[in-house]
Amino acid sequence: MSLINFTIDGQPVAAQDGQSLLQAATAAGLDLPHLCASTRDGFAPMGSCRTCLVEVEGEAELVPACRHRVRTGLAVRTDTPRAARVRRLAVSLLASEMSAAAKARHPDTPFLDLVARTGADPDRFGHRAAGRPADASHPAIVLDPEACIRCGKCRAGCRDVQVNGVIALAGRGDGIHVTFDAGMAMGESNCASCGECAQLCPTGALAPKALERAGGRTAVTAKGETVCPFCSVGCRV
Ligand code: FES
C-alpha cells in the first residue's frame with residue numbers, strides 16, 4: 001500500500017491511504033486532542049464533539065481530524081490560536097452538559113483531562129441542573145446521567161463494536177438522554193455486560209460499579225491496570 005506524506009505542525013508524517021488525520025497522527029506518536037473518536041475496531045468516527053478541530057492549509061474552515069482523510073501534501077496545524085480557541089470553546093460547552101455535582105463526583109476522567117489540557121473553563125456556560133437519578137439496576141455498571149455529555153460513544157461502542165445495539169440516545173434538544181432497549185432500566189435490558197460502554201465513556205457517566213466504589217478512573221489505558229469485573233468478551237484488557 002502506498003504511503004501518503006504530509007505534515008502536522010511542520011513535522012513530516014507518513015500515513016496509509018484512507019486513514020484520518022487523527023489515525024495518522026496517533027500512529028505517528030502524536031497526541032491530538034479528541035473525545036468522541038476511538039481507535040476500537042469497528043468504531044466509525046462520529047465527528048460530533050469538535051474537540052479535534054485543526055487547521056488545514058487551503059481550507060477556510062477548521063476540520064475535525066477524526067473525519068478528515070489524509071492526502072499527499074496536506075499541511076496541518078494543530079497549534080494555531082484559532083484552532084486552540086475553538087477547541088477550548090467546544091470543551092467548555094461540553095462541560096456545561098454535566099452538573100456541578102457530577103464534575104465533583106468524577107474528578108479523574110479523560111474528559112476532565114481534556115478540560116485541563118485545552119484550558120477550557122468548565123464553569124463558563126454553567127451546569128446542567130442536578131436531579132437526574134442514577135440507574136444502578138445493573139449488577140456491574142452504573143449510569144450517572146448527570147455526568148453524561150451525550151457524546152454518543154457508548155451507543156457507538158454498543159452498536160458498532162460489540163454489535164449489541166442495546167444503547168441509544170433518545171429525546172430531543174436538552175432532553176436527549178441515554179436509554180437501554182428504548183427505555184428499560186439497564187439491569188432489565190438485554191445488556192450483555194461486555195463493559196464496552198463503561199470503557200469508552202469519557203466522563204464516568206457509565207462506569208463499572210467496582211471502579212466507582214474504588215474511586216478509580218473509568219477508562220483503562222494499559223493492560224493490567226483494570227479491576228474490571230466483566231466477562232471476557234468486551235474490552236479485552
Ligand atoms: Fe473528532 Fe469528536 S473526536 S469530532
Side-chain angles (χ1 to χ4, degrees), residues 4 6 8-9 13 15-16 18-57 59-71 74-98 106 109-122 124-125 147-161 167-169 176-178 196-206 217-221 235:
I4 306 281
F6 69 106
I8 297 180
D9 296 333
V13 175
Q16 290 177 1
Q19 282 189 312
S20 68
L21 290 176
L22 182 61
Q23 286 171 326
T26 304
L30 302 173
D31 184 18
L32 297 194
H34 62 280
L35 185 78
C36 70
S38 169
T39 54
R40 301 280 287 140
D41 287 347
F43 193 107
M46 297 179 284
S48 59
C49 74
R50 316 314 265 184
T51 62
C52 67
L53 290 174
V54 295
E55 291 205 30
V56 172
E57 201 175 279
E59 302 264 1
E61 307 293 336
L62 299 174
V63 303
C66 65
R67 286 184 63 91
H68 201 81
R69 290 272 178 93
V70 293
R71 242 184 20 247
L74 279 184
V76 180
R77 300 236 54 117
T78 69
D79 55 359
T80 64
R82 181 167 75 130
R85 190 180 65 248
V86 176
R87 287 197 300 263
R88 202 160 46 241
L89 178 64
V91 175
S92 298
L93 284 165
L94 286 167
S96 72
E97 298 278 333
M98 296 175 74
H106 305 282
T109 62
F111 178 62
L112 291 186
D113 286 351
L114 189 64
V115 169
R117 176 180 178 181
T118 56
D121 178 354
R124 178 174 174 191
F125 298 108
C148 179
I149 56 172
R150 305 182 285 185
C151 65
K153 277 184 105 167
C154 54
R155 174 183 57 181
C158 186
R159 181 190 61 197
D160 303 336
V161 178
I167 299 179
L169 292 179
I176 291 175
H177 60 284
V178 167
E196 186 77 36
C197 59
Q199 190 180 0
L200 286 172
C201 179
T203 64
L206 278 160
R217 61 186 307 147
T218 56
V220 179
T221 55
C235 54

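Whatever order the structure lists ligands and atoms in, that order sets their numbers, starting from 1. Everything numeric in this text was worked out from a predicted model, so none of it was measured.
Heavy atoms only, all atoms of each residue included: Val70 and Ser20 are closest at CG1-O, 3.9 Å. Considering every non-hydrogen atom in both Val13 and Ala28, the closest pair reads CG1-CB, 4.0 Å.
Screening residues 82-95 for side chain to side chain donor-acceptor pair (under 3.5 Å), with sequence neighbours left out, gives Glu55-Arg82.
Each of His34, Leu35, Cys36, Ala37, Gly47, Ser48, Cys49, Arg50, Cys52, Cys66 has a non-hydrogen atom positioned under 4.0 Å from some atom of ligand 1.
Scored by the salt bridge (charged side-chain N to carboxylate O under 4.0 Å, His left out) test, Asp121 finds no partners at all (sequence neighbours excluded). With sequence neighbours excluded, the residues satisfying side chain to side chain contact (heavy atoms under 4.5 Å, CB included) with Ala147 are Met98, Ala102, His106, Asp144, Thr203, Ala205.
With salt bridges taken as basic N to acidic carboxylate O contacts below 4.0 Å, none links Asp160 and Lys153.
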